[in-house]
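In what follows, every heavy atom counts, from backbone to side chain, and hydrogens, waters and symmetry copies are set aside. Note that ligands are numbered from 1 as they come in the structure, with each ligand's atoms numbered from 1 the same way. Remember, it's a predicted structure, so these values are computed and weren't measured experimentally.
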Amino acid sequence: MVAKGPYNRLEGQVALITGANSGIGKGVALEMANEGAKVVINWVFNEESAIEVVEEIKSQGGEAIHLKADVSKEAEVQAMFQSICETYGTLDILVNNAGLQRDNSFWDMTLEEWQKVIDVNLTGQFLCAREAVREFMKRGVRPEISCSAGKIICMSSVHELIPWATHANYAASKGGVMLMMKSLAQEVAPLKIRVNSIGPGAIKTPINTSAWATPAAEKALLELIPYDRVGDPYDIAKAAVWLASDESEYVQGITLFVDGGMTLYPGFATGG
Ligand code: NAD
């Protein structure tokens, strides 16, 4: 991760990033801290790595805490939000990032594999967004901090759009995130609460190591990416900072694809 700031576009704001002890979430947390936000690192497994992210932020002069909560468990999510408000007074930014895969052919997929992915990737985003909206509504706009009452960024995927054989549970969860995000964005826009998604393409993180870890796998993956480069968490972090900042004030209910062109049907590049 390259420190580029600080530009302080998020100064005075509190940001919760779920699943922030790994991959994209970690990248977003570091970059938001770099932009002046106080950052809450949510984690559910591997406390050590959450502590490391907090230490890294503090060593660069930032402010962070870590909180354990399974985003698919209502009581744990509510306890996490209460703890954030006790520590920092309020929350300004939610990055609904926690997610996982349980891949299987459709005909062999167990109900447990289906349910786990829906519980974490979709219900988890609902539970966190609901608590965030409740806090944003209670507090309202503080013009000296931000022109919005709060910002929610849902980590979706190119697979909210692109079907994905052997990943029906994952694609269904991200398709669900897309319409949950848009419905919520429509509902809370009059309250000056902004809700958007990021749709990452292929980003090098532990969730998809097998897709890029060998030269042969990376070559096959690049066939799907017109820009001819696999993404890095920093690519997503920069987009998340922009969507959380007042620079994007008039942006509401969109999915910003950050994918090197993966959603451009690259198979048709040579005429189809
Ligand atoms: P990752 O595995 O590195 O990170 C996922 C994080 O979510 C981990 O910290 C994990 O512990 C956490 N998590 C899982 N279940 C949780 C739960 N119940 N409660 C709280 N935290 C939980 O993977 P990543 O690639 O960084 O994925 C982050 C997000 O980006 C996911 O929503 C994923 O679907 C999305 N995404 C990733 C890619 C990619 O190419 N890496 C592409 C599109 C979308």
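- Heavy atoms of Ala202 found under 4.0 angstrom from ligand 1 belong exclusively to the backbone.
- Results of the side chain to side chain contact (heavy atoms under 4.5 Å, CB included) test with Val28 over Lys26, Glu31, Met32 single out Met32 as the only residue that passes.
- Residue contacts with ligand 1, taken as heavy atom pairs separated by less than 4.0 Å, do not involve Asn121 at all.
- Nearest-residue assignment for atom 7 (O) of ligand 1 (options Cys128, Gly199, Gly99; heavy-atom criterion): Gly99.
- With atom 19 (N) of ligand 1 as the reference point, the heavy atom nearest to it among Val158, Val71, Val28, Val53 is part of Val71.
- Within a 4.0 Å radius of atom 10 (C) of ligand 1, the protein contributes no heavy atom.
- When heavy-atom distances to ligand 1 are checked against a 4.0 Å cut-off, Gln101 has no atom that comes that close, whether in backbone or side chain.
- Heavy atoms of Ser49 stay at 4.0 angstrom or farther from ligand 1.
- Contacts of Asp70 with ligand 1, taken as heavy-atom pairs under 4.0 Å, involve both backbone and side chain.
- When heavy-atom distances to ligand 1 are checked against a 4.0 Å cut-off, Asn97 comes that close through both its backbone and its side chain.
- Residue contacts with ligand 1 include Tyr170, since one of its heavy atoms falls under 4.0 Å from the ligand.
- Counting heavy atoms from C-beta on, the side chains of Met155 and Ile236 come closer than 4.5 Å.
- Note that NZ of Lys174 is 14.5 Å distant from CG of Leu179, once rounded to the nearest 0.5 Å.
- Contact analysis puts Asn21 in contact with ligand 1, with a non-hydrogen atom separation below 4.0 angstrom.
- By the 30° and 60° cut-offs, the orientation of the rings of Phe268 relative to Tyr265 is perpendicular.
- Other cluster members for Ile145: none, since no ILVMFWY side-chain heavy atom sits under 4.5 Å from it.
- Contact annotation: Ala69 has at least one heavy atom less than 4.0 Å from an atom of ligand 1.
- Only the backbone of Ser156 comes within 4.0 Å of ligand 1, counting heavy atoms alone; no side-chain atom from C-beta on gets that close.
- At a heavy-atom cutoff of 4.0 Å, ligand 1 is contacted by both the backbone and the side chain of Ile24.
- At a 4.0 Å cut-off, not a single heavy atom of Gly124 sits close enough to ligand 1 to count as contact.
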